[in-house]
Structure formats: C-alpha cells, structure tokens
Amino acid sequence: MRRQWKKIMALVLTAAVGASITGCGGSGEGGATQAAAPETTAAGTAAETGADSPQGSKDTAQETQEPQGTDAAQEPVTIRFSWWGGDSRHEATEKLVAAFMEKYPYITVETEYGAWTGWEEKQSLGILSGECADVMQIGTNWVTDYSRGGTSYYDLYQLADIIDLTQFPEDKMKLNEVDGKLMAVPNSLTGRLFYWNKSTFDQVGCPVPTDEESLLAAGAAFKAYDEEYYPLALGEYDRIIFMVYYLESKYGKDWVTDGKMNYTEEEITEGFAFINKLEDEHVIPSIATISGDMADSLDKNSKWIDGKYAGIMEWDSAVVKVRDAMEQSVNKPNQEFVIGEFIKFGEYQGGFTKISMNMAVKASTQHPKEAAMLVNFLMNDPEGVEINSTERGIPCSAAAVAYLNEKNIGDAMTKEANAKVLAYSQFTQDPKFDDNDLKANPDGLYYKLFGRLSSRDITPEQAAADLIKGVTQVLEDQ
C-alpha cells in the first residue's frame, strides 16, 4: 500500500471522529483539510426544454434516462463542481455553469475553485473520504493515486449514454482505466515549452535562446545589464521537468520505462550539475531568490510581470495566464510576449506530453445522471465548448475540436503552443511523475532536493542518489 494512501487515510480516520456529513452526498470540500465553504455558489433561473443525449460506445453502459426539460414534477437537484486554475479559467467556468443551469433549471451547481498551489493536498482527503464535489477536474496522477482500486470515482462507462465517449481517443481513455472502469474523461493533452518576454531580451541586447550556447550567453548578458534580471526562471517543480527535458534531449529515452527508472545515477547527476551551472552562469535565479519574491507562482511574480524574469517554461495550456500577467503590467506596459522554439541540448527532441487534466464524477454521488450531464456539457456540447474554449487547453474531444475550428474559437497562442508541443515532444510522461510524494509543495521530494541543491546543502551526486531512491520507491509502492 502506498505511503501517501496511508498518510491520507490516517487523516480521514481522525477527521471522521467529529465530522458530520451534510449537503448532497457529502460534507464540505476536502474534509478536514478544507474547512472553508465553497468560494462561489450560483444558481440559474431561466427555463429550457429538451437535452442532448449522446450515444455511448460501451456495451457495459447501464440504462440511463435522457436529461429532462422543465417539468412541474422534476425534482430539484444540487451538485457540486470543483476545479483549479487561473482567473480566466474561473471566469469562463462560472459562465459555463450559469449556461448549464439555464439549460437545465432544475439543476443547481455549486462551484468550488482556487489556484493550483496546495490544491491537490486540499482535495485528496475529500476524494478518499467521499466528501468531495460530485464533478471534479482532476490531475493525471489522481486517477491511480486516489482511486482506491477503482472505487473513489464513478465508472463513466456506466454513463456512456449521457457522456459521448466516442469523441475521445480510446488509447487516452485506457490510461484512465482502473480495474476495467473508466475513472475520468481526458480533457486535453499538454506539454511544456518556453515563453519569453522579447521586449526584455531586446532591452538587454541579446537574442531569445534556442540552444545551450545562446542560453548561457543570455545569462552573461543579463548579468552585465542588471544582476536582478534573468533570462529564465524555474521553480522546484519546473526544474525537475526542465532537467528531464535536458536529459531526454541528450540521451533520447523516456524517464521511466515499464515502471522503472530509465536513467543511470551518473546521467541524473549530470542533469543536477547542469541546473547548478545555470544558477552559476546567471541563467536562472536561486530558489532562495524566487522564494523571496513572495509570489504563489511565477506568473504572479512581479519580476515576470515587469520583465526582470524574461523566460518561463510552462504548460501549453497556461499561455493565457502567463501572457496576460506580463502584458497587463502597470510598471512596464506594451511588452512583447512570444512562444519560443524548443531549446536544443542534444540530437533528440526532448520533452514529454501527458493528459493535462481529467473530468471525474465521485462514486458516491447521489446524482450521477446530472453530474454526467455537466461533464458532457463542458466537453462535447457546442454551447459549453464555446464558453470553455481553450481555457483547459486544446480539447481531446473530436466534437469540441471540430466546433472550435469551424467557428474559429479559442486563443490563437494556446493553439500555437499546443501544436508545437505535439509536433516536437517525443516522450510520454509516466503517471507516477506527478505522485504527491514527489510533487507536493513544499514536502515533496522534488521540492526538497532542488531547494537543498540550490542552497548547496547537497551535491549533484547526492541529489541523484536521493532522487533515484525516492522515485523508485514511488514506482514500486502501489
């Protein structure tokens, strides 16, 4: 049994002593780890008749009634919907929920959302205790980490006559299966690439980096210009992704293969040493410097907003938030944001793709039909697709992509970034890469190792040995 499971279940048992279950199918989101009330609650008022009822693709789908229109006999239903994201995603999703409630006025959707930092930790207890929202936006690793052998989430194959599963790639849905049950529907595929503040590079007088030589040269140029300026900024989680990208570019192999580490201790030591070199050569600021900026994330960091940090390595689905943060700078208006090329570190095309996020329904929901209706509205329904647009990346749903293309809807840069990632990145992220024991901030292994490496409390050799030990334990500890 996994260590994370043991820790969370201990909290579940402790919280259960004094907890009382309230509301529709559970108590407040996150149980003991999230006592606060939902951030926003809204209700629709307009009436609508009829509904879509897509046909499912699995023989195992149970018989489910079609969504009904306004009817005096229709019982009111309340469901909860939770997600994380930036302001633009929150605004779009609230608008989507309002449209859904207008279409189905007997359904009230209570919304719960926040920024990514700390979100998984807050939600995991609620999922394992059954007190989470009815409909959840979940991370890739949540499918296995918190499914309890396929019992935490509703088997969406059983709702295939409401959610049109034929629109999604079968191989991607297979990744979300546990014990033959579909735990979640994939929302989009994503990967990381480089975003640059071209105005700052022009100001400093050097080109945007495209290879190792130009990246190191940028560090020297920025230091000569102003020691508070850096061509690239990477937090702890960013650094593990960047380091894997660097190693994949040099050695041309997946980080993990068949549940085992695919890199030697010497190779990983080289990766950690390169991160140290980037700090030494003024390419990236130290972890202490970034922590001292007092920002939850780099897109909210004033040094990114005002051009002192001129580069970020981020998800393709994050274009809008990092671009808007920079372009809306009060202190330095009219900065030019560009999507860069992938930096060449070797003969291979480094970088991995993964399912960006999923939509799941909790197994204990009292209203599986209505929850499925909301999922289908977001992912397949033209009205929902138009509102959601590219706020969660380029959709996996073929129907959604066709509609966005037909109507020329969606952020052009998000489409550009996603196309670049899918065309370039050769590798696939292992689901355990984002395991909470590794990724959690600040107690995950990635955060501990890169923090200690940056402060020079450990050597690259020690960091490599500890990383291999920790990742191997996560891979073996089911």
Side-chain angles (χ1 to χ4, degrees), residues 2-12 14-15 19 26-40 80-90 93 110-129 131-133 135-146 152 190 233-241 287-288 290-302 304 312 314-315 317-318 321-322 325 354 356-358 360 362 392 432-451 470 474:
R2 300 181 64 256
R3 290 174 294 147
Q4 184 67 16
W5 164 256
K6 291 180 180 178
K7 289 187 288 186
I8 293 175
M9 286 312 298
L11 290 173
V12 171
T14 301
S27 68
E29 178 68 32
T33 64
Q34 187 177 353
E39 297 182 42
T40 307
R80 293 159 55 205
F81 178 25
S82 67
W83 72 90
W84 74 86
D87 291 342
S88 61
R89 182 180 297 168
H90 300 332
T93 310
E110 297 179 346
T111 60
E112 308 164 23
Y113 54 83
W116 168 252
T117 302
W119 186 257
E120 181 176 354
E121 292 75 13
K122 293 177 181 179
Q123 301 303 307
S124 58
L125 179 58
I127 293 171
L128 293 173
S129 66
E131 298 180 16
C132 55
V135 178
M136 298 169 281
Q137 175 182 298
I138 68 172
T140 308
N141 62 301
W142 298 23
V143 171
T144 54
D145 285 1
Y146 311 123
S152 293
T190 190
L234 300 171
E236 293 95 332
Y237 181 59
D238 306 322
R239 291 182 186 214
I240 184 63
I241 293 177
I287 293 298
I290 294 174
S291 297
D293 297 335
M294 304 298 290
D296 289 340
S297 56
L298 285 173
D299 63 285
K300 296 178 181 178
N301 192 307
S302 63
W304 163 256
I312 291 179
E314 253 288 7
W315 302 111
S317 56
K321 72 174 183 179
V322 297
K354 69 169 186 173
S356 172
M357 60 194 75
N358 299 283
K362 75 171 179 179
R392 289 174 170 81
K432 294 292 185 180
F433 188 88
D434 282 344
D435 185 275
N436 205 45
D437 286 336
L438 302 174
K439 183 184 176 182
N441 179 9
D443 296 324
L445 184 63
Y446 300 150
Y447 282 81
K448 290 178 179 178
L449 289 183
F450 281 104
V474 165

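Computed from a prediction, not measured in an experiment: that's the story for all the values here.
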Excluding sequence neighbours, so at least two apart, what forms side chain to side chain contact (heavy atoms under 4.5 Å, CB included) with Leu445?
Leu438, Leu449, Leu467
So do Phe81 and Glu112 actually touch side chain to side chain, heavy atoms under 4.5 Å?
no
Distance col, row Glu110:CD vs Arg80:CZ, nearest 0.5 angstrom, shows 7.5 Å
Do the non-hydrogen side-chain atoms of Ser82 and Trp119 ever get within less than 4.5 Å of each other?
yes
Might you point out which heavy atoms bring Asp299 and Ser297 nearest each other, and give the distance in Å?
OD1-OG, 2.7 Å
In chain order, what residues pass the side chain to side chain contact (heavy atoms under 4.5 Å, CB included) check against Thr190, with sequence neighbours excluded?
Trp315, Asp316, Ser317, Lys354, Ser356
Holding to side chain to side chain contact (heavy atoms under 4.5 Å, CB included), I want the full list of residues that pass it with Glu236, two or more places apart in sequence or in another chain.
Ile287, Tyr447, Phe450
The criterion is salt bridge (charged side-chain N to carboxylate O under 4.0 Å, His left out); which residues satisfy it with Arg392, sequence neighbours excluded?
none
Quick check: do Phe433 and Ile241 have side-chain heavy atoms less than 4.5 Å from each other?
yes
On a heavy-atom basis, the closest approach of Arg239 and Leu234 is NE-O, 2.9 Å
Would you kindly say whether Asn141 and Glu120 are connected by a side-chain donor-acceptor distance under 3.5 Å?
yes
Closest contact, heavy atoms only, Asn441 versus Glu121:
N-OE2, 3.9 Å
Leu128/Ser152 under side chain to side chain contact (heavy atoms under 4.5 Å, CB included): CA gap, chis, key distance, verdict
CA-CA 7 Å; Leu128 293 173; Ser152 293; 4.2 Å; yes
Please examine the side chains of Glu314 and Lys321, heavy atoms only from C-beta on, and report whether any two atoms are closer than 4.5 Å.
yes
Considering all heavy atoms of both residues, which atom of Asn301 and which atom of Ile290 are nearest to each other, and what is their separation?
ND2-O, 4.3 Å
Can you check whether Cys132's main-chain N or O pairs, donor with acceptor, with Lys362's side chain at less than 3.5 Å?
yes
Carefully, step by step, assess Met357 and Ile138 under the rule side chain to side chain contact (heavy atoms under 4.5 Å, CB included).
CA-CA 6 Å; Met357 60 194 75; Ile138 68 172; over 6 Å; no
Donor-acceptor contact present, side-chain Asp238 to main-chain Gly235, <3.5 Å:
yes
Using 0.5 Å steps for rounding, measure from the CH2 atom of Trp84 to the OG1 atom of Thr93.
11.5 Å
How about Trp83 and His90: do any of their side-chain heavy atoms sit closer than 4.5 Å?
yes
Qualifying residues under salt bridge (charged side-chain N to carboxylate O under 4.0 Å, His left out), relative to Lys439, sequence neighbours excluded
Asp434
Short question: side chain of Trp304, backbone of Val322 - any donor-acceptor pair under 3.5 Å?
yes
Name all residues meeting the salt bridge (charged side-chain N to carboxylate O under 4.0 Å, His left out) criterion together with Asp296; count only those two or more places apart in sequence or in a different chain, and write none if there are none.
none
